[in-house]
Amino acid sequence: MEQKAEQQIQITFPDGASREYGAGVTGMEIAESIAKSLAKASIAVKVDGVQRDLSDPIFEDAGLEIIKLDSDEGLEIMRHTVAAQLLARAVKNLYPDAKLAIGPTIENGFYYDVEFSKALSSEDLEKIEKEMRKISETNARIVKSLNSKSDAVSAFKERGEDYKVEIVEGADQEDDFQLYTQGDTGFVDLCRGPHLPSLKHVGVFKLMSIAGAYWRGDSSKAMLTRIYGTAWRNDKELQEYLLQLEEAEKRDHRKLGNEMDLFHFQLEAQGSVFWHPKGFTVYNQMEAYIRRRLNHAGYDEIKTPQLIDNKLWEKSGHWGKYRENMFVVPDEIPSGDDDGPVVSDKAFDKLMALKPMNCPAHVQVFNQGIKSYRDLPIRLAEFGCCHRNEPHGALHGLMRVRQFTQDDAHIFCREDQITDEAVMFCDLLKAIYSDLGFEDVAVALSLRPETRVGDDALWDKAEEGLRKALVKTGLEFREDEGEGAFYGPKIDYQIRDAIGRTWQCGTLQLDFNLPERLDASYIGEDGAKHRPVMLHRAILGSLERFIGVMIENYAGKLPLWLAPVQCVVATITGSADDYAKEVYGALKEAGIRAELDIRNEKINYKVREHSAVGKVPNLFVVGAREAEEKTVAIRRLGSKDQTVESTDAAIAALVEFSKPPF
RNA sequence: GCUGCUGUAGCUCAGUGGUAGAGCGCGUCAUUGGUAAUGACGAGGUCGGGAGUUCAAUUCUCCCCAGCAGCACCA
């Protein structure tokens, strides 16, 4: 204390002002020295950019920023406290033998992983939430102590907190383990902090769900119970968030796919899509669009077999590395004997597999005939139907299926062509995403991992080629050291949809391995054989997934060129039926995907059904007046206005507006 | 694959130890209407599958399957 008065330190604030304090001053004391109201609102500080507790003493000159709840950082700290202090303490109160693992914040909330002796139910969740409220109302002060490794270990051992013991024992540091308590409640948690100074600052919170989660994310380790929650500054924010969740649910492609009659799934073919006429219309439009794009970009389209002998998969390396994801089929005609085994033992001598990827087959096409360096690059594209035996728990609507079609292509080129090809690809990808309504693309460049094939000179060239391409295309990207595949560096593209979720779709992967394994070669300028570099690339990734993303991004209201039904002609009265048929015929003639609705229903009913449920972009409403005047009353999706136009003009406009972007 | 929850009519869901109900949709009839649900009547279910307990199971128990949420996986 005496020393504190002797030594002075300089504290600098974000606005540039600075003040002197005695060494050892705390954030709280500084806040109090500025204004009482500030001290009241402060929940933590940032010392030279590092978040600290308000109670932490500061001994050296430093830049200091006070964190209040109104900032993003403040909100996150509050959530962290709700998880680590409120939720954890409530759990320990109700289930004293529960073992706490970790409780971080996540986007919009937090979770805590806990080991319970028996399974939790949703009623338990309510009980825990109630207990949390009770604790919250005590406004308990949160007190931190710093402990040595041995003290921390013994404190948690005493309490049977095996996971905390493991965390402390595994830590690099020897001292300064931060233990947080709430007075003499007996509750202790290990935490990197910072925390709110007291529970008084806690806003509103709600526990959302429980789920399993592996300890340390490792499927060979114990499965813990993860409790998810959300916390906000006030009820209004919470309600907004809950509303947003509801909105997201309404966009769920599985729900919309059902309502809009696009596709279905069923038991007998789990993980594979039954496309209905309307859904397949979207699919076909998508495929046709990409086909035009690829043709224009110098790709040659091919089609390769579905079922391929395992000898090829052995050669390509898939048999060794990817077999557990492959559907394997014996190459034998099943026995006609009802009672006998379907296939003989010998059937397993010759196995085939449904292709999980197209690449080995594409190399086979490349390998036909002798290629000259003058032939390169060769770009082979395929709407390749792949089967992957995905873990059952991974299947999810169109987003994760067992049979899907990739907009796949492989580019075979010389090393000196890598950059140009990468630039062309990035440009094409950007253009396509933009056409499809996605401007926000997150790009990650994954660089060489520790175990890899190919020499460093080649990796240098390849990584630099990809980097250059990204810079040239103006795509912002981050670089992930060591994240590349063993066979080459790659670029992953994630698109962000209308409600902020990201989806991995496009990819560009260099492959130095497969051409070697499958002995692909070309004759160089020097007359000698050389290995081509192979680029795996996809833009949509899988047609299925991308359509799922499109449905959710547009909440079912697909752009006109993709809409399964572009226009419905709906009558107001039976007396307009003949005219409606005429308009419908003209629409079909003009190439518009139209439907005719002359059912004996009121116009209100028809409008609701085609708009709210069917998401049809255009309604041509016709009654006696329109029939008389040869017009249609146009109602566009999402608009309450109607415009009356001559039928010919309306159809011409529709034809114009329904043109695909390319 | 792991943890938890769920599975009843085409869809969304209610319900019960004594073999089922609503709304929407579907069919028929009436109604001919002017922009987000016209009315009446009717048809429609092995209550996910299998086993067990019971006089009796859709209901209780166990096993399996599938769906959902999350985890792991997605070179």
Side-chain angles (χ1 to χ4, degrees), chain A residues 106 111 113 115-116 118-122 124-125 208-228 249 252 254-255 258-259 261 264-271 316-318 320-322 324-325 356-357 359 388-397 399-402 404 446 449 451-452 483-488 490 492 504 507 509 511 513-514 536 541-542 545 570-577 598-614 619-626 633-642 644:
Chain A
I106 49 176
Y111 66 79
D113 284 349
E115 186 190 294
F116 289 96
K118 64 174 208 263
L120 279 201
S121 68
S122 45
D124 292 311
L125 214 56
M208 304 297 285
S209 61
I210 38 182
Y214 297 108
W215 168 234
R216 302 223 141 137
D218 182 342
S219 61
S220 68
K221 296 210 162 88
M223 163 110 1
L224 309 175
T225 302
R226 176 169 295 179
I227 303 175
Y228 283 94
E249 216 171 290
D252 191 314
R254 293 165 302 184
K255 190 177 151 75
N258 192 21
E259 285 174 8
D261 194 17
H264 84 271
F265 292 89
Q266 69 185 50
L267 265 68
E268 290 83 350
Q270 56 162 314
S316 70
H318 289 86
K321 280 204 150 69
Y322 203 71
E324 59 190 28
N325 285 294
M357 292 171 201
C359 25
R388 293 184 188 172
N389 200 346
E390 302 284 2
H392 287 194
L395 301 176
H396 178 90
M399 303 306 192
R400 194 79 180 271
V401 287
R402 301 213 291 187
F404 57 97
S446 297
T451 44
R452 57 182 182 265
E483 289 296 305
F486 74 92
Y487 51 72
K490 63 171 180 176
D492 285 321
Q504 155 89 63
T507 184
Q509 304 191 9
D511 193 335
N513 181 52
L514 204 57
H536 307 254
S542 110
R545 167 183 288 190
T571 48
I572 288 170
T573 134
S575 63
D577 284 2
I598 53 175
R599 290 176 303 171
N600 177 11
E601 296 292 351
K602 292 194 165 182
I603 192 62
N604 282 310
Y605 180 88
K606 294 184 185 182
V607 167
R608 180 180 179 279
E609 186 171 293
H610 297 302
S611 302
V613 184
L619 282 184
F620 282 5
V621 177
V622 298
R625 204 155 61 223
E626 286 76 13
I634 305 168
R635 178 169 178 136
R636 294 201 172 80
L637 189 59
S639 158
K640 282 211 184 331
D641 310 334
Q642 313 144 39
V644 178

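The shown structure was predicted, so the numbers you read here are calculated from the model rather than taken from an experiment. In what follows, chains are A, B, ... by sequence order, proteins preceding strands, each numbered from 1. These numbers come from the heavy atoms of this one structure, side chains and all, not from hydrogens, waters or symmetry mates.
- The distance between atom CD1 of A:Ile634 and atom P of B:rU35, rounded to the nearest whole Å, is 17 Å.
- Within the 4.0 angstrom heavy-atom criterion, only backbone atoms of the sugar-phosphate kind lie near A:Tyr605; the bases stay farther away.
- Minimum atom distance to the side chain of A:Asn604 is reached by B:rA36, of the listed B:rA36, B:rA66, B:rC73.
- Side-chain N or O atoms of A:Arg599 include none that pairs as donor or acceptor with a backbone N or O of A:Lys606 at under 3.5 Å.
- A salt bridge links A:Asp218 with A:Lys221: at least one charged nitrogen is closer than 4.0 Å to a carboxylate oxygen.
- Here the C1' atom of nucleotide B:rC11 and the CG atom of A:Asn258 are 7 Å apart, to the nearest Å.
- Put simply, CE on A:Met208 is 19 Å from P on B:rC5, counting in whole angstrom units.
- At the heavy-atom level, A:Ala633 lies under 4.0 Å from base atoms of the strands shown.
- The A:Arg625 side chain lies nearest to B:rG34 when the options are B:rA75, B:rG34, B:rU38.
- For A:Met223, counting side-chain heavy atoms from C-beta on, the closest listed nucleotide (B:rA72, B:rG70, B:rA75) is B:rG70.
- If you check distances only, the side chain of A:Arg400 does reach the base of B:rC73 with a donor-acceptor pair under 3.5 Å.
- Note that the OH atom of A:Tyr111 and the CG atom of A:Leu224 stand 10.0 Å from one another [nearest 0.5 Å].
- Comparing the same atom, C1', in B:rU8 and in B:rG21 gives a spacing of 10 Å after rounding to whole Å.
- Between A:Lys640 and A:Arg599, the residue whose closest nucleotide on RNA chain B is further toward the 5' end is A:Arg599.
- Comparing A:Leu267 and A:Val644 by the nucleotide of RNA chain B whose heavy atom lies nearest to each, the residue mapping closer to the 5' end is A:Val644.
- The separation between A:Lys606 atom NZ and B:rA36 atom P is 14 Å, rounded to whole Å.
- A:Phe265 comes within contact range of no nucleotide atom at all, as no heavy-atom separation falls under 4.0 Å.
- Phosphate contact (OP1/OP2 of B:rA69, side-chain N/O of A:His396, threshold under 4.0 Å): present.
- Among the atoms of the strands shown, base atoms are found under 4.0 Å from some heavy atom of A:Ala394.
- Side-chain N/O atoms of A:His392 and base N/O atoms of B:rA66 include no donor-acceptor pair closer than 3.5 Å.
- With rounding to the nearest 0.5 Å, the separation of NZ in A:Lys321 from OH in A:Tyr487 is 10.5 Å.
- Candidate nucleotides B:rG34, B:rC74, B:rC73 were compared by shortest atom distance to the side chain of A:Arg545, and B:rC74 ranks first.
- The C1' atoms of B:rA72 and B:rG1 are separated by 8 Å, rounded to the nearest whole Å.
- When each of B:rA75, B:rU38, B:rA66 is scored by its nearest atom to the side-chain atoms of A:Glu601, the top-ranked nucleotide is B:rU38.
- Spacing between atom CG of A:Asp218 and atom C1' of B:rU3 amounts to 15 Å, rounded to whole angstrom units.
- Counting distance only, with no hydrogens placed and no angle test, the side-chain atoms of A:Tyr214 and the base atoms of B:rG1 include a donor-acceptor pair under 3.5 Å.
- Atom CD of A:Gln266 is separated from atom C1' of B:rG10 by 13 Å (rounded to the nearest Å).
- Residue contacts for A:Arg254: at a heavy-atom cut-off of 4.0 Å it reaches the sugar-phosphate backbone alone, with no base atom in range.
- Nucleic acid contact for A:Arg635: base, since at least one base atom lies under 4.0 Å from a heavy atom of the residue.
- Listed nucleotides: B:rA36, B:rC73, B:rU38. Nearest to the side chain of A:Arg608: B:rA36.
- Atoms CZ (A:Arg636) and P (B:rA36) sit 17 Å apart, rounded to a whole Å.
- A:Tyr228 OH to A:Asp113 CG: the interatomic distance, rounded to the nearest 0.5 Å, is 7.5 Å.
- A:Thr573 comes within 4.0 angstrom of a base, heavy atoms only.
- Counting non-hydrogen atoms under 4.0 angstrom, A:His610 reaches nothing in the nucleic acid.
- Closest approach of A:Val621 to A:Glu626, counting heavy atoms only: O-CG, 3.8 Å.
- For the atom pair A:Arg388 CZ and A:Arg400 CZ, the distance stands at 9.0 Å (nearest 0.5 Å).
- Note on A:Gly217: only backbone sugar-phosphate atoms sit closer than 4.0 angstrom, heavy atoms only; bases stay farther off.
- Taking atom CH2 of A:Trp215 as the reference point, atom C1' of B:rC2 lies 17 Å away to the nearest angstrom.
- In this structure, A:Glu626 reaches the bases: a heavy-atom distance under 4.0 Å links it to at least one base atom across the strands shown.
- One finds a side-chain N or O of A:Gln270 lying less than 4.0 angstrom from the OP1 or OP2 phosphate oxygen of B:rA66.
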